[in-house]
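So the structure is just underneath, and the comments pick up after that.
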Amino acid sequence: MKIWASEHIFNHPWETVTKAAMQKYPNPMNPSVFGVDVLDRSVDKDGRLHSTRLLSTEWGLPSMAKSIIGVTRTCTYVQEHSVVDPREKTFELKSTNISFTNLVSVDEKLTYKPHPQDPEKTVLTQEALISVKGVSLSSYLEGLMAKTISVNAGKGREAMEWVIRRLNTEIEELAATARGTMRVPMAAAVADK
């Protein structure tokens, strides 16, 4: 088993980062995630949003790793469960692969919380447990997968910034549209007098 962990600080408030995380896929930084299906979504009695999603991904395993594992196709499915707690300001996401589980298991946990000293920033804590079973060179493959997860985590952080920029642009465009439509009736009312 291989354990991988990382921490990152976003220069955005928790609410913004949480919205972006919920809309992270698809994005141009992570083309390996090509499908997201919401399987279940509900709000519990404490106001926490629970979501279960199915992600369709293409694992970019090197050809050597594919031959060791004995697979040619690398389309995998990942089940993701998340809980957004707006009162405690926590967003916890856990995911696990549901394909190739007889050979590989990757259990990942991401936690988003406001920065303890600066509420305009958000701390992302990320960890993954990787286990390759029943094949030779399993520790080598676990290390290879940990490197892939690390690279993908960087792409994921870039994707979050991309989504945040996209959301900010949409807000600015909506505000400009609202200002434009509000001015027209006001201008017409002034012109009528």
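- Annotation for Y112 and T122: closest pair CB-CG2, 4.2 Å, computed over non-hydrogen atoms.
- Considering only residues two or more places apart in sequence or on other chains, K109 meets the salt bridge (charged side-chain N to carboxylate O under 4.0 Å, His left out) condition with E92.
- Within a 6.0 Å sphere centred on NZ of K94, other residues, nucleotides and ligands contribute 12 heavy atoms or fewer.
- Here the side chain of S51 pairs no donor or acceptor atom with the backbone of S82 at under 3.5 angstrom.
- Enclosure of atom NZ in K24 by more than 12 non-hydrogen atoms of other residues, nucleotides or ligands within 6.0 angstrom is indicated.
- The distance from the OG atom of S95 to the CD atom of E108 is 4.5 Å, given to the nearest 0.5 Å.
- What you find for M1 and E142 is that their closest heavy atoms are N-OE1, 3.3 Å.
- For D44, the salt bridge (charged side-chain N to carboxylate O under 4.0 Å, His left out) test picks out R48, with sequence neighbours left out.
- N97 and V106 get closest at one heavy-atom pair: OD1-N, 2.7 Å.
- Taking 4.5 Å as the limit, some side-chain heavy atom of I98 sits within range of a side-chain heavy atom of L54.
- A continuous path of Ile, Leu, Val, Met, Phe, Trp and Tyr side chains, each step under 4.5 Å between heavy atoms, connects V17 with L49, placing both in one hydrophobic cluster.
- Heavy atoms only, all atoms of each residue included: W4 and I149 are closest at CE3-CG2, 3.7 Å.
- No single ILVMFWY cluster, assembled from side-chain heavy atoms under 4.5 Å apart, contains both L55 and V151.
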- Yes or no on side chain to side chain contact (heavy atoms under 4.5 Å, CB included) for E161 and R157, after CA distance, side-chain angles and deciding distance? CA-CA 6 Å; E161 294 291 346; R157 291 188 295 270; 6.0 Å; no
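- Closest of all the heavy-atom pairs between V36 and V33 is CG2-CG1, 4.2 Å.
- Separating the CD atom in E173 from the CG atom in N168 is a distance of 11.0 Å, to the nearest 0.5 Å.
- When the ring-ring contact (aromatic ring centres under 6.0 Å, His included) test is applied to F10, the partners found at least two apart in sequence or on another chain are H8.
- Side-chain contact check for T57 and T76: at least one donor-acceptor pair (N or O, by modelled atom type) lies under 3.5 Å.
- Qualifying salt bridge (charged side-chain N to carboxylate O under 4.0 Å, His left out) partners for E7, counting only residues two or more places apart in sequence or in other chains: none.
- I130 CD1 to S105 OG: the interatomic distance, rounded to the nearest 0.5 Å, is 9.0 Å.
- To the nearest 0.5 Å, atoms NE2 (H81) and CG (L39) are separated by 11.5 Å.
- Under the rule for a ring-ring contact (aromatic ring centres under 6.0 Å, His included), H115 has no partner lying at least two apart in sequence or in another chain.
- The two residues M29 and K155 have their closest heavy-atom pair at O-CD, 3.4 Å.
- A distance-only check finds a donor-acceptor pair linking the side chain of K133 to the backbone of T101 [under 3.5 Å].
- Cluster annotation: V43 is connected to M22 through the hydrophobic network of ILVMFWY side chains, with a link wherever side-chain heavy atoms come within less than 4.5 Å.
- The distance from atom CZ of R41 to atom NE2 of H50, rounded to the nearest 0.5 Å, is 12.0 Å.
- Side chain of S150 to backbone of A146: no donor-acceptor contact under 3.5 angstrom is found.
- With sequence neighbours excluded, the residues satisfying side chain to side chain contact (heavy atoms under 4.5 Å, CB included) with Q23 are V163, R166, L167.
- Linking Ile, Leu, Val, Met, Phe, Trp and Tyr residues whenever their side-chain heavy atoms come within less than 4.5 Å places L103 and V132 in a single cluster.
- Note that CG of N30 and CE of M160 are 11.0 Å apart. Values are rounded to the nearest 0.5 Å.
- Residues L110 and Y25 do not share a hydrophobic cluster, clusters being chains of Ile/Leu/Val/Met/Phe/Trp/Tyr side chains in contact below 4.5 Å.
- More than 12 heavy atoms of other residues, nucleotides or ligands sit less than 6.0 Å from atom CD of E15.
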